[in-house]
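What follows is one structure encoded as structure tokens, with my remarks underneath.
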Amino acid sequence: MNNINQTAYVVGAGETDPSGFCRASALQGFLQDAATVHSQILDFAREDIVKQYGAVWILTRCLVRLRRPILSGEEISVVTWHRGSRGAGFYRDFDLAVGGQPVGEAVHFWVVADSMSGRVLRPDVLGMAGAAPPDRVKDILLSKLPPAADPVLTDEHSVCYADLDINNHMNNVRYTDLVCNALARRGVTRMAFEELRINFLGQSVLGETLRMYCADLPNGHIAIVGEAAPGDRRFEADALLIR
């Protein structure tokens with residue numbers, strides 16, 4: 001069984017932003033695809049668990065760290081593996097390289113939910129095998145993000161057809177675009193992330209309007225939260241830009 005998988009992606013014109021960098025959402029799309037490819041190899045793709053367990057994968061938390069921006073035209077090697085179950089779900093790790101040189105890493109935390117009710121299921125319902133060797137596993141754990149004081153309304157977005165995925169709600173990659181749109185509204189012109197964390201708190205569906213609020217944090221990070229209504233947060237993010 002192939003416990004570790006490698007997939008390569010080229011940053012094309014459609015993945016390039018005005019600075020000539022790979023858009024953060026495009027990189028998230030590469031990670032999502034690499035995870036999908038590996039889950040298919042392990043026989044735990046979406047169609048497999050829907051058929052066998054009546055369940056679907058849901059990404060709840062993600063972290064990306066970059067040493068430098070990834071540039072237009074570069075080929076990114078995405079190496080990925082899963083750690084096995086932990087708590088309510090599964091961690092998946094990623095290493096990123098360009099030309100054989102490390103450029104970053106990422107971590108996802110996934111849960112399994114009933115495809116009809118959305119209720120989170122115990123991870124052992126899958127009996128999932130294929131975890132990477134312990135010496136390969138990252139020690140990064142993804143927790144709740146600290147609350148941001150006095151966030152300011154920065155942007156709004158109405159969920160549209162282009163946002164939806166096969167589960168008929170906003171795809172996790174599109175939340176990264178919302179983060180970048182909110183930062184751009186604040187005057188950020190060079191969208192190069194040293195670190196980006198997003199916690200997904202609820203599903204967003206067609207026709208809903210999300211309002212993005214931003215707040216500066218004392219360590220140079222920027223907090224971004226998205227709400228469908230006051231107190232009804234759909235995501236929280238923490239961004240640190242490369243200076």
Any non-hydrogen side-chain atom of [X] less than 4.5 Å from a side-chain atom of [Y]?
X: Q28; Y: H108; answer: yes
X: I198; Y: F200; answer: yes
X: R92; Y: T80; answer: yes
X: Q32; Y: N172; answer: yes
X: T176; Y: L178; answer: no
X: D232; Y: L201; answer: no
X: E15; Y: V10; answer: no
X: I58; Y: Q203; answer: yes

Atom [atom1] of [X] and atom [atom2] of [Y]: how far apart are they, to the nearest 0.5 Å?
X: N5; Y: L42; atom1: CG; atom2: CG; result: 8.0 Å
X: M191; Y: N181; atom1: CE; atom2: CG; result: 8.0 Å
X: S143; Y: L145; atom1: OG; atom2: CG; result: 7.0 Å
X: F94; Y: L63; atom1: CZ; atom2: CG; result: 11.0 Å
X: L210; Y: S158; atom1: CG; atom2: OG; result: 8.5 Å
X: C160; Y: L206; atom1: SG; atom2: CG; result: 8.0 Å

Between the side chain of [X] and the main-chain N/O of [Y], is any donor-acceptor distance below 3.5 Å?
X: R136; Y: I4; result: no
X: E208; Y: V205; result: yes
X: R23; Y: D17; result: no
X: N171; Y: I166; result: no
X: T154; Y: Y213; result: no

Salt bridge or not for [X] and [Y], using N-O below 4.0 Å?
X: E194; Y: R65; result: no
X: E74; Y: R68; result: yes
X: R197; Y: D238; result: no
X: K144; Y: E236; result: no
X: R211; Y: E156; result: yes
X: D163; Y: R174; result: yes

Atom of [X], atom of [Y] and distance for their closest heavy-atom approach:
X: G220; Y: L240; value: O-CD1, 3.6 Å
X: R233; Y: E227; value: NE-OE2, 3.4 Å
X: L142; Y: I140; value: CD2-CG2, 4.0 Å
X: A26; Y: C22; value: CB-SG, 4.0 Å
X: W81; Y: V137; value: NE1-CA, 3.9 Å
X: S204; Y: V159; value: CB-CG2, 4.1 Å

Is there a path of hydrophobic side-chain contacts, each under 4.5 Å between heavy atoms, that joins [X] and [Y]?
X: L66; Y: V179; value: no
X: V79; Y: V103; value: no
X: M170; Y: W57; value: yes

For R186, look at atom CZ and say whether over 12 heavy atoms of other residues, nucleotides or ligands are found less than 6.0 Å away.
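Buried by this count: over 12 neighbours within 6.0 Å.
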Just checking N219: does its CG atom have more than 12 heavy atoms from other residues, nucleotides or ligands closer to it than 6.0 angstrom?
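Yes, because the 6.0 Å sphere around CG of N219 holds more than 12 heavy atoms from other groups.
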Can you confirm if the aromatic rings of F235 and Y175 lie within a centre distance of less than 6.0 Å?
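Ring centres of F235 and Y175 closer than 6.0 Å.
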side-chain contact (heavy atoms from CB on, under 4.5 Å) partner of L31, chosen from V64, V173, V107:
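Considering V64, V173, V107, a side-chain contact (heavy atoms from CB on, under 4.5 Å) with L31 is found only for V64.
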Matching residue for V11 among L27, L71, I70 - test: side-chain contact (heavy atoms from CB on, under 4.5 Å):
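Single pass found, and it is I70.
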Evaluate Y91 against W110 for ring-ring contact (aromatic ring centres under 6.0 Å, His included), listing each step before the verdict.
CA-CA 6 Å; Y91 274 99; W110 296 80; over 10 Å; no
Steps toward side chain to side chain contact (heavy atoms under 4.5 Å, CB included) verdict (D95, K138)
CA-CA 10 Å; D95 279 337; K138 297 182 183 295; 2.6 Å; yes
For R185 and M212: C-alpha separation, side-chain torsions, deciding distance, then whether side chain to side chain contact (heavy atoms under 4.5 Å, CB included) applies.
CA-CA 10 Å; R185 291 283 190 178; M212 273 59 69; over 6 Å; no
Evaluation steps, side chain to side chain contact (heavy atoms under 4.5 Å, CB included), between F109 and L141:
CA-CA 9 Å; F109 188 73; L141 299 178; over 6 Å; no
Plane angle bin for F30 and Y9 - parallel if under 30°, tilted between 30 and 60°, otherwise perpendicular
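Answer is parallel, since the angle falls under 30°.
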Take L183 and I224 through the test side chain to side chain contact (heavy atoms under 4.5 Å, CB included) and record every step on the way to the result.
CA-CA 8 Å; L183 293 175; I224 307 97; 4.2 Å; yes
Report the C-alpha separation of D177 and S25 in whole Å, then their side-chain angles, then the decisive distance to 0.1 Å, and conclude whether the side-chain hydrogen bond (donor to acceptor under 3.5 Å, both in side chains) test is met.
CA-CA 6 Å; D177 280 328; S25 60; 2.7 Å; yes
